[in-house]
Amino acid sequence: MAILIDGKDVAAKVRAELREEVETMAKERKKRPALAVILVGEDPASQIYVRNKQRACEDVGILSEIYTLGENVSQESLEYIINSLAERRDIDGILLQMPLPKGLDPVKALKCIPPEKDVDAFHPDNVGHIMRGDYRFLPCTPAGVMELLRRYDIDISGKECVVIGRSDIVGKPMAMMLLHSGGTVTICHSKTRNLAEHTRRADILVSAVGKAGFVTADMVKDGAVVIDVGINRNADGKICGDVDFAAVEPKASYITPVPGGVGPMTVAMLMKNTVKAAEISQKTY
């Protein structure tokens, strides 16, 4: 039976550590970290994510400002708001909730966020630093995966690591983080031939494809660490991951559940990035 990697427990510990750091900052520097979140449109999932982020801020002691814009907002107006927040010295981090409604250019909008306030680590400058390994911020979901591996003392160095998915948000940065930690990394995607031949070699398997039950038991090596980043709904409408948990769990050495695995870590790492942005801000000003 695999050891269950408890993301809720680890996220609570991360938040508790950050809470102490924030209180110290508030006492010594008379300032709390501040995060501005911009939500465009009425996507239900995005609204839930933003509420979760707001609650996490309250829990840690971070100030938060939520800007809700209609789905018909112009690119010019969106960029004006981002630029206005970028100029405010009291705002440490800026997050533009994705996805944006059709008609808006996310690349152009993200470039308006100064790299030192880009707590999602999507700005091209921050992406470049992730490639080099001298980063200030890491994208929250893959950073959460790395934190889980660290907290469970799972060594990456020298291991065969396979990442399924090549998105800019998870797959690509996840591969780079594993590589920087000494892993031998293979990235698989929709064009990969004989996918199972790759996944069966993995000591650490990370799935981020967004398809319920995509990773089956015959794709997993005995004793592998299985990290499920996917959040999907199955035929019964229940939240599930990419991994066929019931079938894969007996083969794995460690496995993340969905929900309760990687998900809580994403928000926790956003809080960590915001605190770091506040520290950068203190040095800048």
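As the structure is a prediction and not an experimental result, all values here were calculated from the model. All values below come from the heavy atoms of this structure, side chains included, with hydrogens, waters and symmetry mates left out.
- The backbone N or O of C188 lies less than 3.5 Å from no partner atom in the side chain of R166, so there is not a single donor-acceptor pair.
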Donor-acceptor list for residues 100-113 side chains, cut-off 3.5 Å, not counting sequence neighbours:
from : atom 1 : to   : atom 2 : distance (Å)
D105 : OD1    : V107 : N      : 3.0
D105 : OD1    : K108 : N      : 3.3

Donor-acceptor contacts, no H, no angles, side chain residues 133-144, under 3.5 Å, sequence neighbours left out:
from : atom 1 : to   : atom 2 : distance (Å)
D134 : OD1    : H129 : ND1    : 2.9
D134 : OD2    : R132 : NE     : 3.2
D134 : OD2    : R132 : NH2    : 3.0
T141 : OG1    : T266 : OG1    : 2.9

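- Transitive grouping of hydrophobic side chains (ILVMFWY, heavy atoms separated by less than 4.5 Å) brings V185 and V225 into a common cluster.
- Between the side chain of N194 and the main chain of E197, no donor-acceptor pair closer than 3.5 Å is present.
- Hydrophobic cluster membership is shared by I91 and V50, with clusters built from Ile, Leu, Val, Met, Phe, Trp and Tyr side chains linked at under 4.5 angstrom.
- Counting heavy atoms from C-beta outward, M146 and M269 have side chains that stay 4.5 Å or more apart.
- With S84 contributing its side chain and Y80 its backbone, the two residues share a donor-acceptor pair below 3.5 Å.
- Taking all atoms of both residues into account, the shortest heavy-atom contact from P264 to G261 is CD-O, 3.3 Å.
- Heavy-atom contacts from other residues, nucleotides or ligands closer than 6.0 Å to OH of Y152 number more than 12.
- Of the inter-residue distances, the one linking S207 atom OG with D228 atom CG reads 6.0 Å to the nearest 0.5 angstrom.
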Atom pairs and distances, donor-acceptor, side-chain atoms in residues 35-45, under 3.5 Å, two or more places apart:
from : atom 1 : to  : atom 2 : distance (Å)
D43  : OD2    : A45 : N      : 3.4
D43  : OD2    : S46 : N      : 2.9
D43  : OD2    : S46 : OG     : 3.0

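- With side-chain heavy atoms closer than 4.5 Å counting as contact, directly or through intermediates, the hydrophobic cluster containing F245 also holds L4, V162, I164, L195, L205, V209, F214, V215, M219, V220, V226, V243, V248, I255.
- Minimum heavy-atom separation, K211 to D242: N-OD1, 3.0 Å.
- In terms of heavy-atom proximity, A11 sits nearest to M265 at N-SD, 3.5 Å.
- Remark: T68 engages I66 in a side chain to side chain contact (heavy atoms under 4.5 Å, CB included) (not counting sequence neighbours).
- The environment of CD in Q47 is crowded: more than 12 heavy-atom neighbours from other residues, nucleotides or ligands sit within 6.0 Å.
- Under the 4.5 Å side-chain criterion, counting only non-hydrogen atoms from C-beta, R201 is in contact with T186.
- Between I169 and F122, some side-chain heavy-atom pair lies under the 4.5 Å cut-off.
- No more than 12 heavy atoms of other residues, nucleotides or ligands lie within 6.0 Å of NZ in K8, so this atom counts as exposed by the packing criterion.
- Of the possible polar contacts, one joining the D203 side chain to the E160 backbone as a donor-acceptor pair under 3.5 Å is found.
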Verdict with reasoning, T216 to D218, per side chain to side chain donor-acceptor pair (under 3.5 Å): CA-CA 6 Å; T216 53; D218 64 312; 2.4 Å; yes
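- Side-chain contact check for E279 versus M25: some heavy-atom pair is nearer than 4.5 Å.
- Remark: the Q54 side chain and the E58 side chain contain no N/O donor-acceptor pair separated by less than 3.5 Å.
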I would like to know whether R151 and E147 meet salt bridge (Lys or Arg N to Asp or Glu O under 4.0 Å); could you show each step before the answer? CA-CA 6 Å; R151 298 267 179 162; E147 187 71 13; 2.7 Å; yes
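- Summarising the geometry, atom OH belonging to Y254 is positioned 11.0 Å from atom CD1 belonging to I227; distances are rounded to the nearest 0.5 Å.
- Annotation: side chain of K272 is not in contact with side chain of E17 (no heavy-atom distance under 4.5 Å).
- For the pair D92 and Q282, the minimum side-chain heavy-atom distance is 4.5 Å or more.
- Between the side chain of D59 and the backbone N or O of R55, no donor-acceptor pair lies under 3.5 Å.
- Cluster membership for I280 and L85, using ILVMFWY side-chain heavy atoms within less than 4.5 angstrom, is not shared.
- Residues I239 and V258 form a side-chain contact, since some pair of their non-hydrogen atoms from C-beta on lies under 4.5 Å apart.
- The main-chain N or O of H189 is found under 3.5 Å from a side-chain atom of T192 such that the two form a donor-acceptor pair.
- Connection of V73 to M98 is established within a shared hydrophobic cluster, with ILVMFWY side chains joined at heavy-atom distances below 4.5 Å, either directly or through further cluster members.
- When side chains are defined from C-beta on, I5 does not count as touching V262, because their heavy atoms never get closer than 4.5 Å.
- When all heavy atoms are compared, the tightest approach of I94 to P114 is CD1-CD, 4.3 Å.
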Evaluate side chain to side chain contact (heavy atoms under 4.5 Å, CB included) for K13 paired with D9, printing each intermediate quantity in order. CA-CA 6 Å; K13 290 175 181 175; D9 179 65; 3.2 Å; yes
Going through the distances and angles, do Y67 and E65 end up as a side chain to side chain donor-acceptor pair (under 3.5 Å)? CA-CA 7 Å; Y67 294 82; E65 295 184 7; 2.5 Å; yes
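- Using modelled atom types, no side-chain atom of S281 and backbone atom of A277 make a donor-acceptor pair closer than 3.5 Å.
- The cluster map of Ile, Leu, Val, Met, Phe, Trp and Tyr, joined by side-chain heavy atoms under 4.5 Å apart, puts V275 and L63 in different clusters.
- Using modelled atom types, no side-chain atom of D236 and backbone atom of K238 make a donor-acceptor pair closer than 3.5 Å.
- Partners of N273 under the side-chain hydrogen bond (donor to acceptor under 3.5 Å, both in side chains) rule, at least two apart in sequence or in another chain, do not exist in this structure.
- Between A268 and L18, the shortest heavy-atom contact is O-CD1, 3.9 Å.
- For the pair K30 (side chain) and A26 (backbone), a donor-acceptor distance under 3.5 Å is absent.
- Here the shortest heavy-atom pairing between A208 and V229 reads CB-CB, 3.9 Å.
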